[in-house]
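Structure record follows, encoded as structure tokens.
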Amino acid sequence: MKDVALLAGVSVKTVSRVVNGEPGASTAVRQRVLNAAERLDYRHNLGASTLRRKDARSGIVGALLQDVGNSFSAGLLRALEDVLRQAGLSVLAASLDEEPERERDIVSDLVARRADGLVLMPATHRHEYLVSERRAGLPIVFVDRRPHGLDCDSVTIDNLGGAKVATNHLLSGGHRRIAMLSDLEEIETAVERRAGYRAALAEAGLELAPELLVHGIRSDREAAATVTALLELPDPPTAVLAGRNIITVGTVRALRAAGAAHEIAVVGFDDFPLADLVEPALTVVRQDVQRIGAEVGRILLDRLNGAGGPPRHIVLEPALVQRGSGEIPPR
């Protein structure tokens, strides 16, 4: 910074103001400093800057999601980033892949790097390990899944209600043999969606057929194999509720391979790109991913700006989007 100041003919403090985006330097002076920095290949040292600043902010927020390659996580991350960038914050994202130990390791690493806040879609089932970080003032917002053992801000959706609406939609179309394909048995969102499915069947006076409820499905390939096996039952399902977007993809592939895409009704939980372009177009329970990410970002910014008060727990309602696949009548 001294070299930049000497070349630009200004004080070191002025260089500091410019590189930190602070007011107090004219446009002409700011340009001289930037030109000098470019000539000298100067790079702002964020670590040193953080140590010197009174607020000790790093300008980084950690976002720990389950799979940033999945369209749901990717859309949420983009919405969160759009909100935080307006406040001058950068997002450092990581995938947890339902691995509790990975979650703890990444959280520890981000805390050591002095992240200003955390957004967490947890793989762990208890979150007391974060108590000391909360006590130290680290803002943490849970997304998609609620905190347990720690009262913290959260943004989730009504998974039970969404699955119930989807199942009732299939029931109203005349279906009685409705299969549900679900994620790992212990995942909170999957538990709630299965509960909604069961509740809808019970309210319709139908007994749950154990062979039609399959959980532990982690990939589109596993989903496709499961659907293929279901179609070979003596009394196969006439409809499928897919509990996650990747499960929906595998379901559609299996039905197309069996020539049954126009014979078996499908409702998928989560929308995804091109879902409206397959044939038939997919009926889905859509989560408003943009709103979820925006709500998480706003809560986090409020906390970073000193907002107090009890933790906020926002629960958003999903919406059933009818496109055709969920409206196929039973054979």
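What you see is a predicted model; the values in this text were computed from it and never measured.
In terms of modelled atom types and a separation under 3.5 Å, the side chain of Ser219 and the main chain of Glu222 share a donor-acceptor contact. Side-chain atoms of Ser108 never come within 3.5 Å of backbone atoms of Arg104 as a donor-acceptor pair (strictly under, hydrogens ignored). Side-chain N or O atoms of Asp109 include none that pairs as donor or acceptor with a backbone N or O of Asp105 at under 3.5 Å. Remark: side-chain polar atoms of Ser58 are paired, donor with acceptor, to backbone N or O of Arg114 under 3.5 angstrom. Judged by distance alone, the side chain of Gln66 and the main-chain N or O of Met121 form a donor-acceptor pair under 3.5 Å. Without hydrogens or angle criteria, Asp116 side chain to Gly59 main chain gives a donor-acceptor distance under 3.5 Å. Under the 3.5 Å distance criterion, the side-chain polar atoms of Ser325 are left unmatched by any main-chain donor or acceptor of Ala265. Panel note: side chain Thr283, backbone Gly326; a donor-acceptor pair is recorded below 3.5 Å.
Between the side chains of Gln287 and Asp270, at least one donor N or O lies within less than 3.5 Å of an accepting N or O. Side-chain polar atoms of Ser11 and Thr14 form a donor-acceptor pair below 3.5 angstrom. In this structure, a donor-acceptor pair under 3.5 Å is absent between the side chains of Arg146 and Ser154. Residues Asn35 and Gln31 have side chains that bring a donor and an acceptor to within less than 3.5 angstrom of each other.
Residue Arg323 qualifies as enclosed at atom CZ: its count of foreign heavy atoms under 6.0 Å is above 12. When the shell of 6.0 Å around CZ of Arg78 is examined, it contains 12 or fewer heavy atoms from other residues, nucleotides or ligands. The 12-atom threshold is exceeded at CZ of Arg218, counting heavy atoms of other residues, nucleotides or ligands nearer than 6.0 Å. In Arg126, the CZ atom is crowded: over 12 heavy atoms of neighbouring residues, nucleotides or ligands sit closer than 6.0 Å.
Salt bridge Glu188/Arg193: absent, no basic N to carboxylate O contact under 4.0 Å. Under 4.0 Å is where a charged nitrogen must lie from a carboxylate oxygen, and between Arg256 and Glu279 no such pair does. Ion pairing between Arg177 and Glu211 holds under the 4.0 Å rule for side-chain N and carboxylate O. Look at Asp151 and Arg134 and you find no salt bridge, because none of the NZ, NE, NH1 or NH2 atoms lies under 4.0 Å from a carboxylate O.
Residues Leu213 and Tyr197 have side chains in contact (heavy-atom distance under 4.5 Å, counting atoms from C-beta outward).
Screening Val284, Leu282, Asn70, Asp220 for a side-chain contact (heavy atoms from CB on, under 4.5 Å) with Asn245, the sole residue that qualifies is Asn70.
The CG atom of Leu231 lies 5.5 Å from the CD1 atom of Ile264; values are rounded to the nearest 0.5 Å.
Residue pairs meeting the salt bridge (charged side-chain N to carboxylate O under 4.0 Å, His left out) criterion with at least one partner in residues 10-20, sequence neighbours excluded, do not occur; the list is empty.
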